[in-house]
Amino acid sequence: MKPVELADRRPTSVERGEDEGPRSESRPKRHRVLVVLNGTGEGAASAIAMGRLVATTLHEPLHGLFASEAPIAAGELPRLLGLPFSALDGMVLDVEVGDPVDRIVTFTQTHPTAFVIVAAESSAHDGLGLGELAAQTIEQSLAPVLVVRPCHRLSLSRILVPLDGTPSTASALEPAGELARRAGASLDIVLVGEAHHGPQMEHGAMGAPQYVDQPHHEWPAFSGEFVHRFLNTIGHCPKDVPTRFFLGAGDPADEILRFGELLGSDLMVLVWHGLASEEHGAIFQRVLRRGSCPVLVLRCS
Amino acid sequence: MSSTVTAAVREAEPESGRSSGFVATTPMPGLEHPFRLFVWSWESQSLPAHAPEVARVGRLFDALLAHGARLSIVTEASLERLLPMVEGSIGKENRKRLYVATDGGKRVFGFDHRGSPIELFEGDGFGGDALAFLMREVAGPLEIQPADVLVVGEASIEGAVVLSGEPAGLGRLAEILEQQLAIEEKLGPFAPPRDAAWSIVESGFDVAREHEIESLLTIANGYLGIRGSVAEGSSVSRPATFLAGAFEPSSDVSSVPELVIAPDWGRLKFTVEGEAFAVETTAMERHHRTLDMRRGLLLREGLGTGAGGHATRIRTAHLASLANRHLLLEAVEITPQNFSGTVVVDAVLTGNVKSGSGSSHWASFEPREGLAGPMLVGRTHGGLELALSSRATSADPGSMEMRCERELGPVSATERCTLRVRLGEGSTLHRVVGLVTSRDVDDPARRAEALGRETAATSFEALLEEHVAAWQARWKRSNVEIDGAPRIERALRFALYHLIATVHPHDPRCSIGARALSGEAYRGHVFWDTEIFMVPFYVHTWPEAARTLLLYRHLTLDGARRKAKKLGYEGALYAWESTDTGDETTPEFVRSPVGEIVPILSGFEEHHISADVAYALWEYARMTGDERILREEGAEILMETARFWVSRGETKADGKFHIHRVIGPDEYHESVDDNAFTNWMARQNLRYAVAIARGVGREKAATLGVGPDEIARWEEVASRMYLGVDPRTGLIEQHKGFFELEEVNVAAYSPRTVPLDVLLGRERTRASQVVKQADVVQLLALLWDDFSPSARRDNFLYYEPRTAHGSSLSPGIHALVAARLGLVETAARYLEQTAAIDLGNNMGNAAGGVHAAGLGSLWQAVVFGVAGLRTAPADPETLILEPNLLPGMRRVSLPIALRGRSLEVHTCRDAVEVQVVDGPAPIGLSIGGRAGVRHVVRAEPGRSYAARRDEEGFLAWEEIRP
């Protein structure tokens, strides 16, 4: 299983040689960073800021999408959102008619999209605790969705990637690593061990060692093997990204959140299988609700 | 120039290749496949047992059984009707792999060690389905795949190759069996073992698991060990050849000595018609690696098609000779499947190696043109010189179809062999590599070159035979059979394979690291693991090796003296982690996976190691009768460690001798006072020293300046040792204050995906009664006869539920003690857990190497626990047998060496049999009868004895036919 999009991305800055002839459909496609402008002005402002940061980091175009039941002029957007006119500078605006989530999904189907950036509603308490727009975007978008709250500090220096020791969650490492590489950020990998849970049965899974005969030998050996297996062998994470590995113990959601605080993470990357009901989904929901930094959600296909 | 002809090529699996990470294999062999299980549906009514055709087929099956195949005969006939054919055609030894389902499959029989039938099930045990029983009980645990099963007759097994045949088809069956028998001859060294109980097979190529597979498939001979990496390498391969006993500094944050990684000698690059043949880039239809434990061979078969469409089968065999530990052998067979043309094999010696810590141990290399083949001579930063000589030849000495050229690089020496290969014909290349270091001779290059010349005069087959014969000799003295528990039997064989392979019986400069010679974890450091968990195996199967391991402790005694002195004590305190000098090499700090800097106290406080060495030495001498070691080296060890203990503690106001601030085997509790294991073992150490100083070691005592007063002091300290026994309950307190610690329900945290101390946190764990590993239980195992039956049971039942088994050393000892206590279900659970430490592990824990102590504990659990063997405390010339067969086990058969005698012990459900194979004098056998009566016999060499079981114990010994 691979998260969609970023995993298959190629560098976009490749220049064409003089003898390659005129541009054609085979030219490198640029992956857009799409900011969802619907919602509150405060939310939209935080999404725009995050979008700018990501787009600048990736050297990709920044798009803003606003969907409404009735047609409106693009020039009306700043007023509708309660934002200064300059807030939308440098952004390609897509003002559309229809359901916002439908339009977002259509956009990601139509255009190569690096990330969809959507703001969470600060007052929302039900479901994923993000508000309907963000929740449905996560559930339906094929592109990775980055959820941001107005209270979040916006930076991309430390990226936290919780893994559960399965190759499917390790699929987050390639896109997360690529983002980290572009941003000059470091990756913090967290594996959480817990009680009342047997080893992961997915083929190629790896958990904390059952036997730690001598911790000063076992832990470095385990960490080295884990990082090798998941970052290099399965995750195909870029090799030049500084990486640290941490082992947590206890409730996985609590531990992920604790490490997020402890390490001063700027972004958490979560892999979601798409089911809120399953155990992994419950952890996902809690981290999304309580995360102290933006969360990037990668869907396993 | 080459020509390519058209031939049928099976499509490669679409998933194969690097991108998916997994290469699938195609399991549909034809009749040329060496089947492991034959199912023969015998129509007895139309062909009676005495019919010549049946007898012929029986004899052919007998030959296949001798190769390790298994046979199940399914018949309408009764056992009585079938038995004459079995007894007339199939040898007694081979019947161990024979199963007969009689009376239309209503009854299933196996055969015991005497070749007599034993009923495995009757009636509806498996719904009356004998084949379902066999597949579940025999094929399943040994991972015999349906594709490895040949069914002859009407029986049905999904996925098996089925030959339906009427009686007239017996002639055809005989032809097929002859064809099967020819496979081993045709494949020679490349023939995979038929007996799944003797092989570890890894199919496909799994990039995620490759590191642990490399560990499991290690080949070694005690002088060196080679991980089972694919010869051509891959993006994830971590090949390494370890030199036992040779150390260089690591590049760890806290640098410690680590085993030297020798130049890579086994690298082979295959180029088929200009394209590399490699597991990651060639579309592999089949890819298997097989560890042939009986012969000590690593086999590989790869059938793949390159991008150009050339399909090639390549088989390889690798070994580290057990007959001449300086020899490494490789054989390669290349068979084009759809072309004739050219294959180039690069046989490489390269110094381009680094350790897992990132250290390059080699200061310089000098590739040379040798007389017999290229050489690579290197020198480590520490001054160790190593020389490798290599010689590749065609298996057909007069062949003009292979030419080899030499190529010397800055740090490598290559033989590039170009082979003219023909469609469907195997071309075989042999390679002999000699490896010598300056630890062996003054001029290793000259010796390696001489080795090359000497081996050039010997055929590859002869070198191979010597190696196989050396392994056979070892297995004869080691192999354990467990009828009814095939998974445990194979795991034990795997354990013994590594234990045999990892010891050098003649070089006391080497001991055994925690991960043997199979991986870089633990850096090759030697712990108490060797003396307490591994040495007992060698004592009873390879006493010379046990002696050598103990002499390592004598060679490193000065290091132990230095450590004691450094910490302010007298005598000798062995390093918790020892390498070549005996100086302490435990790092002082580590960064935990939760990011904390954690001080490591074991190097400062885990002092029971000195008593463990003393215990192992004493037990070795008791079990072998080797008095010489007690007079000399052993005496020195025992007395110097006794001196340490006296200086280590003090007599307090209670009149008892106390040892404070130590770590026992339970490392969750550091800096504790009066750890029971430490104190009890120290007392033993002192007692041994007293006995030796007043006995056979008098002269050595004099040379060490040990006088009567000092001996009396040892005796007094031993008698005053605080032992922590609660007089009310009989419980031994693990350390002072342990009983007051918080009780934590360990079972409430099961299952878990992280050790319990990580879940609870360091502080809470220390403040609780959670025990990392057998501590008091370890004491019960070692000093069994010092405890009353109730003390053994009560203490086990107290500590077992409190033990989190955070160490691989723990489950095996719990299996041993539980079995001795007759807690067979508990013992079975722990035995399974021990057997799975490496083999049941797909979670990466074996990536850094196999768990050598766990392997040793598995042997101990079976021999000391299940078979219930130990010597009488007052008379080592008497072997006590108190068997405790675990559920499902029908028989445990094992050889054991005891004080110069070789015994064969067969523990069955209804009897125990002992054959004194050889020895200089009779030996006592003692077994429990009714009402506490013990039956003892002085068993004569060359004779066999049996004690039959009745409801309340065993009857008196009787002599039986051998």
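So you know, we letter chains A, B, ... as the sequences are listed, proteins then strands, and number each from 1.
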Which atoms form the tightest heavy-atom contact between [X] and [Y], and what is the distance?
X: Pro755(B); Y: Val212(A); value: CG-CG2, 3.6 Å
X: Pro751(B); Y: Gly198(A); value: CG-N, 3.7 Å
X: Arg229(A); Y: Arg209(B); value: NH2-CA, 3.8 Å
X: Asp206(B); Y: His203(A); value: OD2-NE2, 2.5 Å
X: Gly204(A); Y: Ala208(B); value: CA-CB, 4.1 Å
X: Ala249(A); Y: Val754(B); value: CB-CG1, 4.4 Å

Chain A contact via [X] - which portion, at a heavy-atom distance below 4.5 Å:
X: Glu588(B); answer: neither
X: Leu759(B); answer: both
X: Ala748(B); answer: backbone
X: Glu577(B); answer: side chain
X: Ser750(B); answer: backbone
X: Ser602(B); answer: side chain

Regarding His525(B) and Gln214(A), is there a side-chain donor-to-acceptor distance under 3.5 Å anywhere?
-> no
Going by heavy atoms in the side chains, are [X] and [Y] under 4.5 Å from each other?
X: Tyr211(A); Y: Pro811(B); value: yes
X: Val758(B); Y: Trp219(A); value: yes
X: His216(A); Y: Phe589(B); value: no

Given a strict heavy-atom distance threshold of 4.5 Å, which part of Ala195(A) is in contact with chain B: side chain, backbone, both, or neither?
-> both
With rounding to the nearest 0.5 Å, note down the distance linking NE2 in His228(A) to NE2 in His211(B).
-> 3.5 Å
Would a distance-only check, ignoring hydrogens and angles, find a side-chain to backbone donor-acceptor pair under 3.5 Å from Thr753(B) to Pro199(A)?
-> no
Can you label the angle between the Phe527(B) ring and the His217(A) ring as parallel, tilted or perpendicular, going by 30° and 60°?
-> perpendicular
Pick from Ser808(B), Ser810(B), Ser357(B), Ala853(B): which one has the most heavy-atom pairs with chain A under 4.5 Å?
-> Ser808(B)
